[in-house]
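Below, read A as the first sequence line, B as the second, and so on, with proteins coming before strands; counting in each chain starts at 1.
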Amino acid sequence: QKEVEQNSGPLSVPEGAIASLNCTYSDRGSQSFFWYRQYSGKSPELIMFIYSNGDKEDGRFTAQLNKASQYVSLLIRDSQPSDSATYLCAVTPPGFQKLVFGTGTRLLVSP
Amino acid sequence: GAVVSQHPSWVICKSGTSVKIECRSLDFQATTMFWYRQFPKQSLMLMATSNEGSKATYEQGVEKDKFLINHASLTLSTLTVTSAHPEDSSFYICSARDQDSGNLFGAGTRLSVL
């Protein structure tokens, strides 16, 4: 079982719709969860992080964490073509500062 | 603000040569830095954790003699790909953790070995 799993996609949504990205992780003791966006050929950029169960909102983005079910999701409201990228879920294993990444979900937002 | 600077951004080298990549933390000190590698259409894979003043910790399957890591100061870590071969061609990304900003990433180095 991979440590962090994501559907590779692509996930296609029309402009203005809500995009829902999901991620599951295997280590129940994981404490920190991150969503990164990566454009082709570029380095990842942090979108959001979440540590506690529940929802965390930042502008058009909402991260949701359910530690009991070991999943974390990212909702993007009012999706824009510029949101088209690969979204990487990352988890910090207990006792470490390193990030373990999922394979990423490619999001395509069509005008 | 805190930034991770990585250099060079792109390098082409001949097979058998060595390539050094630098990663600097700007406006913050990083006792720990991380080196990732990303092949096309794949995710970032952690290669090693670089520790200031001590030996790096390598992930399983990563050859420590081939990928030399030096973390001589609190703001600089280097990765040297020794005797590079075409299969080492990849996108190498460093990361450092700032206590206020979290894990920051460098812009990456695209290595092409001919």
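Taking both residues in full, the closest heavy atoms of Y36(A) and N103(B) are given as OH-O, 3.2 Å, listed atom of the first, atom of the second, then distance. Nearest heavy-atom pair across K98(A) and Y36(B) is C-OH, 4.3 Å. For the pair S43(B) and L88(A), the tightest heavy-atom approach, listed with the atom from each and the gap, is OG-CD2, 3.7 Å. Smallest separation of non-hydrogen atoms from F105(B) and P44(A): CB-O, 4.0 Å.
Contact annotation for F96(A): neither backbone nor side-chain heavy atoms come within less than 4.5 Å of a heavy atom of chain B. Neither the backbone nor the side chain of Q6(B) comes within less than 4.5 Å of any heavy atom in chain A. Only the side chain of I93(B) comes within contact range of chain A, with at least one heavy atom under 4.5 Å from a heavy atom of that chain. With a 4.5 angstrom heavy-atom cutoff, L99(A) touches chain B via backbone and side-chain atoms both. With a 4.5 Å cut-off on non-hydrogen atoms, Q38(A) touches chain B through its side chain but not through its backbone.
Between chain B and the residues E45(A), R106(A), Q97(A), the most heavy-atom pairs under 4.5 angstrom are made by Q97(A). Counting heavy-atom pairs closer than 4.5 Å to chain B, the top-ranked of the candidates S43(A), S8(A), G41(A), S40(A) is S43(A). Contact count versus chain A (heavy atoms, under 4.5 Å) is highest, among G106(B), P40(B), G102(B), for G106(B).
Shown here is K66(B), whose NZ atom has more than 12 heavy atoms of other residues, nucleotides or ligands within 6.0 Å. Atom CZ of F61(A) sits in a crowded spot, with more than 12 heavy atoms from other residues, nucleotides or ligands closer than 6.0 Å. Atom NZ of K20(B) has 12 or fewer neighbouring heavy atoms from other residues, nucleotides or ligands inside a 6.0 Å radius. Within a 6.0 Å radius of NE2 in H85(B), more than 12 heavy atoms belonging to other residues, nucleotides or ligands are found. In this structure, M45(B) places its CE atom where only 12 or fewer heavy-atom neighbours from other residues, nucleotides or ligands lie under 6.0 Å away. Within 6.0 Å of NZ on K56(A) lie more than 12 heavy atoms contributed by other residues, nucleotides or ligands. Within 6.0 Å of atom CD in Q99(B), 12 or fewer heavy atoms from other residues, nucleotides or ligands are found, so the atom counts as exposed in its surroundings.
Taken together through direct or relayed side-chain contacts under 4.5 Å among Ile, Leu, Val, Met, Phe, Trp and Tyr, W35(B) and L76(B) form parts of separate hydrophobic clusters. One hydrophobic cluster holds both L46(B) and F101(A) under the rule that ILVMFWY side chains link at heavy-atom gaps under 4.5 Å.
How far OG1 of T86(A) is from CD of Q42(B): 12.5 Å, rounded to the nearest 0.5 Å.
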